[in-house]
Number of protein chains: 2
Amino acid sequence: MSDTHIDVCEGGHSPEERRAFAEILSRIGDKWTVLVVGVLAHGPMRYSQIFKLVGGVSQRMLTLTLKSLERDGIIRRTVYPTNPPRVDYELTERGKTLIVPLHLLWTWAQTNRAAIEGTRRDFDHQRSKDGAAA
Amino acid sequence: MSDTHIDVCEGGHSPEERRAFAEILSRIGDKWTVLVVGVLAHGPMRYSQIFKLVGGVSQRMLTLTLKSLERDGIIRRTVYPTNPPRVDYELTERGKTLIVPLHLLWTWAQTNRAAIEGTRRDFDHQRSKDGAAA
DNA sequence: CAGCATCCCATGAGATACTG
DNA sequence: CAGTATCTCATGGGATGCTG
């Protein structure tokens with residue numbers, strides 16, 4: 001009971017900053033984004049390779065995700081004007097700094113996944129009982 | 001140049017696990033979710049208080065977000081059957097363990113926000129030049 | 001006060017087909 | 001190979017109004 005006053009964002013949290021934080025987090029917390037950053041953490045990779053490794057992503061979403069990450073300076077896109085063309089993607093220095101925080105979240109998710117799924121089941125079961133009764 | 005082989009998720013990453021990770025991350029990386037967890041990190045709080053502090057959220061989204069967090073066991077909902085009713089929300093122990101990873105991300109966002117916005121401008125400017133040119 | 005239900009529009013996101 | 005373009009359907013999410 002002595003520590004509920006920790007803050008996620010102590011440094012100063014004007015509404016503007018909080019929204020900016022949420023916006024950035026939403027972007028990097030996006031499903032495809034984290035998977036792409038995850039596979040690129042292994043090193044530079046070509047479009048088709050990312051496409052296969054991520055698995056289940058559509059070309060459209062992969063392209064959009066890559067472009068958005070490039071726009072934010074998280075990844076770098078390098079074109080080799082050979083024929084057929086070859087395009088490499090790799091994390092920038094900025095992108096690499098994302099690995100540690102993301103890794104922490106991954107650890108959290110690993111640690112809590114089973115428990116969360118259990119809690120969900122309980123919750124849903126409880127609600128269906130509530131609904132059924134009355 | 002000696003360390004591009006770090007992995008976001010070393011512990012084992014079957015497709016199934018990677019997807020589960022992305023799913024959890026997407027949920028907790030959601031815009032309203034992080035803001036709600038952020039304000040609840042200050043301590044227990046009533047619905048209306050969260051509503052005001054988060055700012056800009058609709059009742060609908062707040063209710064949905066809170067329910068989803070409760071379902072995942074991140075927050076606890078306590079009803080005091082007074083009149084008018086009073087409902088408190090607070091982070092569970094599990095929820096509190098989220099504060100540290102989230103805080104790290106917040107730090108990352110703070111550190112990189114300005115640079116990212118600059119990069120975005122450059123990128124957009126570059127693209128508009130490309131588009132304008134032949 | 002704390003929410004649920006409904007309407008309605010904007011965006012997200014898959015599938016498919018075409019191109020440099 | 002590495003995309004772009006379009007079509008389409010599902011979901012997200014705001015606004016409003018009602019209820020215990």
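Per chain, numbering begins at 1; letters A, B, ... match sequence-line order.
The side-chain heavy atoms of A/L25 and B/L102, taken from C-beta on, include a pair separated by under 4.5 Å.
Here C/dA2 is the nucleotide among D/dC1, C/dA2, D/dG3 with the atom lying nearest to any side-chain atom of B/R77. Nearest nucleotide to the B/T63 side chain, out of D/dA2, C/dG14, C/dG3: C/dG3. Closest to the side chain of B/M61, from the set D/dC1, D/dG14, D/dG3, is D/dG14. The side chain of B/R60 lies closest to D/dG14, out of C/dG14, D/dC1, D/dG14.
Nucleic acid contact for B/Y89: sugar-phosphate only, since backbone atoms but no base atoms lie under 4.0 Å from a heavy atom of the residue.
Remark: A/E93 engages A/K96 in a salt bridge, criterion side-chain N to carboxylate O under 4.0 Å. A salt bridge links A/R27 to A/E23: one of the charged nitrogens lies within less than 4.0 Å of a carboxylate oxygen.
Regarding B/R46, its CZ atom lies at a distance of 13 Å from the C1' atom of C/dG3, rounded to whole Å. Protein atom CH2 of A/W32 is 22 Å distant from nucleotide atom P of C/dT11, rounded to whole Å. As a whole-Å value, the separation of B/L66 CG from C/dC4 C1' is 14 Å. The distance from atom OH of B/Y47 to atom P of C/dC4 is 8 Å, rounded to the nearest whole Å. Put simply, CG on A/L62 is 17 Å from C1' on C/dT16, counting in whole angstrom units.
Using a 4.0 Å cut-off, no side-chain N or O of B/S48 falls inside it from OP1 or OP2 of C/dC1.
Taking the nucleotide of DNA chain D with the nearest heavy atom to each of A/P85 and A/K67, the more 5' of the two is matched to A/P85.
Smallest separation of non-hydrogen atoms from B/R76 and B/L91: NH2-O, 4.1 Å.
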